[in-house]
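A short worksheet on the structure shown next.
As the structure is a computational prediction, the values presented were derived from the model and not from experiment. We count ligands from 1, going down the list as the structure has it; atoms in each ligand are counted the same way.
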Amino acid sequence: MAAQNKPLVTHIFTADPSAHVFEGKLYIYPSHDVAIDCPDDDNGDQYQMEDYHILSMDSLDAPCVDHGEVLHEKDVPWVSHQMWAPDAAYKNGKYYLFFPAKDKDGIFRIGVATCDTPAGKFTPEPDYIQGSFSIDPAVLVDDDGRSYCYFGGLWGGQLEKWQTGSFVPDAAAPADNEPALGPRVAELSDDLLSFKGAAQEIKILNKDGSPILAGEHDKRFFEAAWMHKYNGLYYFSYSTGDTHYLAYATGTSPMGPFTYQGHILEPVIGWTTHHSIVEYEGKWYLFYHDASLSGVNHKRCVKFCELHYNEDGTIQTITPYADEK
Ligand code: FUB
C-alpha cells in the first residue's frame, strides 16, 4: 500500500504528529522543529525545539490550521531546552498536553500542561511528573477510565541511562545478544497529573515467547511509542530508530506483554520516523513525518495516509513514495 506524500503545513517544520479526534475535528499535536543549521549527532543535539504549535483540520479535505504557539519552554519552570515529541489526552472536561524536555540538569523528563479547549494555550504544571524520565510520552485513556503513559527512547532519549532505576550518565547499552531495552509504561492518576506508581518496563516478545534482542535492530524498540486499540486488542507501535521502521506488537493488556507483529511503515526520507494511529469517521489513519520538505533530518514535515487492517487484525505495511516511482 502506498502513502500519500503531502505535508500538512509548509510554513513551519513539524514532526512527531500525535493525532486525536476531539470535538469532531482532527487535532494534531506535533513537535515544532527549529530551523537551525547544525550537523547531526547521535545525541540528537540538532533537535533544539523550543515550543509547541497545534494543528487541526475540520475534515480530511479541509485546510490544516495552525493555532500558533501554545506552550513555550520559557513558560515551564523546570525546563531547560529540547521540547521533543508531545501527545495530548482528554478526560473529565480537560485537555492535557504531555511533553518531554530536558530539565536544568540536562535530564529528559515528562511534563504536563492543561487547557479547557483542545487548541490551547496550555498552562504547565510547575514541575515534571515525578518518576518520569526519557522521551516520547503517549497516553491512552482506556475505555474503563484508567489511563496509561507510555514512554522511552534510546541514545539521545537517554533510556539506556535508566536501567538501574536511577540516572547513570555513562551506562552501557545491552549487548546485541541480550534482551533489548523495553519502553516504559506507568498508570496515570485519575487527574492525569501524576504516575500512580513506578514506571514498568514493557516486554515485547517474539511469537514463540522469546525476547527481542538488542541486536535485532529492525524489530527492537527505539523510540516513538504509540498505543491504540482495534477490536478490543492493544496495539503498541514504535520506531526502530537506526533501521528507520515503524513496527508494532499486540497484546490483551495495556501494560503488556506484547507480541511482535511486523512493520507498519517502511523507511521515509530522513533519519527519524514517528507516528500516531487514529480512527476518524470509520476509517483508520497513520500520521507520520519525513524530511522531504527540507532534505535535512531535523527540519521535518507531518503527513498522513490511510491505514488498512487485514481480516486477522494485522496491519498492512505502508510503502512511502510508491506512487512517485
Ligand atoms: O523530535 C525529536 C525526536 O526525534 C523525537 O522525540 C523522536 O521520536 C524523534 O522523532
No-hydrogen, no-angle side-chain donor-acceptor test under 3.5 Å, Asp87 and Tyr150: no
Not counting sequence neighbours, which residues clear side-chain hydrogen bond (donor to acceptor under 3.5 Å, both in side chains) with Lys94? List them please. none
How does the hydrophobic cluster around Val65 look, that is, which other residues are in it when side-chain heavy atoms under 4.5 Å mark a link? none
Ion pair check, Lys229 and Asp143, cut-off under 4.0 Å: yes
Classify the angle between the aromatic ring planes of Tyr235 and Tyr230 as parallel (below 30°), tilted (30 to 60°) or perpendicular (above 60°). perpendicular
Show me a pair-per-line table, with atom names and distances to 0.1 Å, of protein N or O atoms that are under 3.5 Å from an N or O of ligand 1.
residue  : atom   : partner : partner atom : Å
ligand 1 : 1 (O)  : Asp16   : OD2          : 2.5
ligand 1 : 1 (O)  : Arg300  : NH1          : 3.4
ligand 1 : 1 (O)  : Arg300  : NH2          : 2.7
ligand 1 : 4 (O)  : Arg300  : NH1          : 3.3
ligand 1 : 6 (O)  : Asp136  : OD1          : 2.5
ligand 1 : 8 (O)  : Asp136  : OD2          : 2.6
ligand 1 : 8 (O)  : His274  : ND1          : 2.6
ligand 1 : 10 (O) : Asp16   : OD1          : 2.6
ligand 1 : 10 (O) : Arg300  : NH1          : 3.2

Just jot down the ring pair (Phe, Tyr, Trp, His ring centres under 6.0 Å) partners of Phe195, sequence neighbours excluded, or say none. Phe151
